[in-house]
Trainee: 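I have a structure I would like to understand better, so I am pasting it below and will then ask my questions one at a time.
The structure displayed is predicted, hence computed values, not measured ones. Atom set for the values below is all heavy atoms of this structure, side chains included, hydrogens, waters and symmetry mates excluded.
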Amino acid sequence: MSTKCAAPSLVSSQGELVKLSYSVDHRHLEDFLEALASVTFPINPELYHQHGSVNVEFPAYSSGVEEVRAALARFGFAAAGLKIAGPV
C-alpha cells in the first residue's frame, strides 16, 4: 500500500517558511533590492532573468510577509505583486 506524504514544512515561532516571489522590470531591480534590504530580517534573493524583467524569489517566515509588503510599498512597488507559495 502506497501513501503519499506531503513535504514537511519548516515552522518556527515566526510562522511557516514560505517562498515569496515578485516580477520586477530589470530597470527597477536595484530599487527593488534596496526595498528588500530595508526589512528587519535577512533576505537572500535568487534572481531569474527573463526578457525585460527579473523574477526575484526568496524564502521568508510568514510573520514577515506584511513587513515585506510594507517595504515594497514604501519604495513605490505594488505590494499586491508579491506572490506567496508555501511551504518551502
Trainee: Testing the basics here: between Asp31 and Phe75, what is the closest heavy-atom pair and its distance to 0.1 Å?
Mentor: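 So the minimum-distance heavy-atom pair works out to O-CD2, 3.8 Å.
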
Trainee: What heavy-atom pair brings Leu72 and Phe32 nearest, and what distance separates the two atoms?
Mentor: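 The answer is CD2-CE1, 3.3 Å.
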
Trainee: Can you tell me how far the OG atom of Ser38 sits from the CG atom of Leu33, to the nearest 0.5 Å?
Mentor: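 Interatomic distance, Ser38 OG to Leu33 CG, rounded to 0.5 Å: 11.0 Å.
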
Trainee: Can you establish whether the number of heavy atoms outside Gln50 located under 6.0 Å from its atom CD is more than 12?
Mentor: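 Counting neighbours around CD of Gln50, more than 12 heavy atoms of other residues, nucleotides or ligands fall under 6.0 Å, so yes.
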
Trainee: Spell out, yes or no, whether Leu47 and Leu36 are grouped together once hydrophobic residues are joined by side-chain heavy atoms under 4.5 Å, including indirect joins.
Mentor: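 Yes: a chain of side-chain contacts under 4.5 Å links Leu47 to Leu36.
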
Trainee: Locate the shortest heavy-atom distance separating Gly15 from Ser62; write the atom from each residue and the value.
Mentor: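 Answer, listing the atom of Gly15 first, then Ser62: CA-OG, 3.4 Å.
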
Trainee: In terms of hydrophobic clustering (I, L, V, M, F, W, Y; side-chain heavy atoms under 4.5 Å; direct or indirect links), are Tyr48 and Leu29 co-clustered?
Mentor: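 Tyr48 and Leu29: separate clusters.
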
Trainee: First locate atom OG of Ser63, then atom CD of Glu16, and finally report the distance between them rounded to the nearest 0.5 Å.
Mentor: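 Ser63 atom OG to Glu16 atom CD measures 11.5 Å (nearest 0.5 Å).
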
Trainee: Does one hydrophobic cluster hold both Ile84 and Val39, with members joined at side-chain heavy-atom distances below 4.5 Å?
Mentor: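 Same hydrophobic cluster.
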
Trainee: If you take all heavy atoms of Phe58 and Pro45, which pair is closest and at what distance?
Mentor: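 So the minimum-distance heavy-atom pair works out to CB-CA, 3.9 Å.
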
Trainee: Roughly how far, to the nearest 0.5 Å, is NZ of Lys83 from CG of Asn55?
Mentor: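 Atom-to-atom, Asn55:CG and Lys83:NZ are 10.0 Å apart.
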
Trainee: Side chains of Leu82 and Phe77: closer than 4.5 Å at any heavy-atom pair?
Mentor: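 In short, these two side chains do not touch, never coming nearer than 4.5 Å.
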
Trainee: Tell me the closest heavy-atom pair linking Ala60 and Phe41, and the distance in Å.
Mentor: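 Of all heavy-atom pairs spanning Ala60 and Phe41, the closest is CB-CE1, 4.0 Å.
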
Trainee: Check for a donor-acceptor pair, side chain of His26 on one end and backbone N or O of Gly52 on the other, with a separation under 3.5 Å.
Mentor: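 Checking the backbone N and O of Gly52 against the side chain of His26, a donor-acceptor pair under 3.5 Å is found.
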
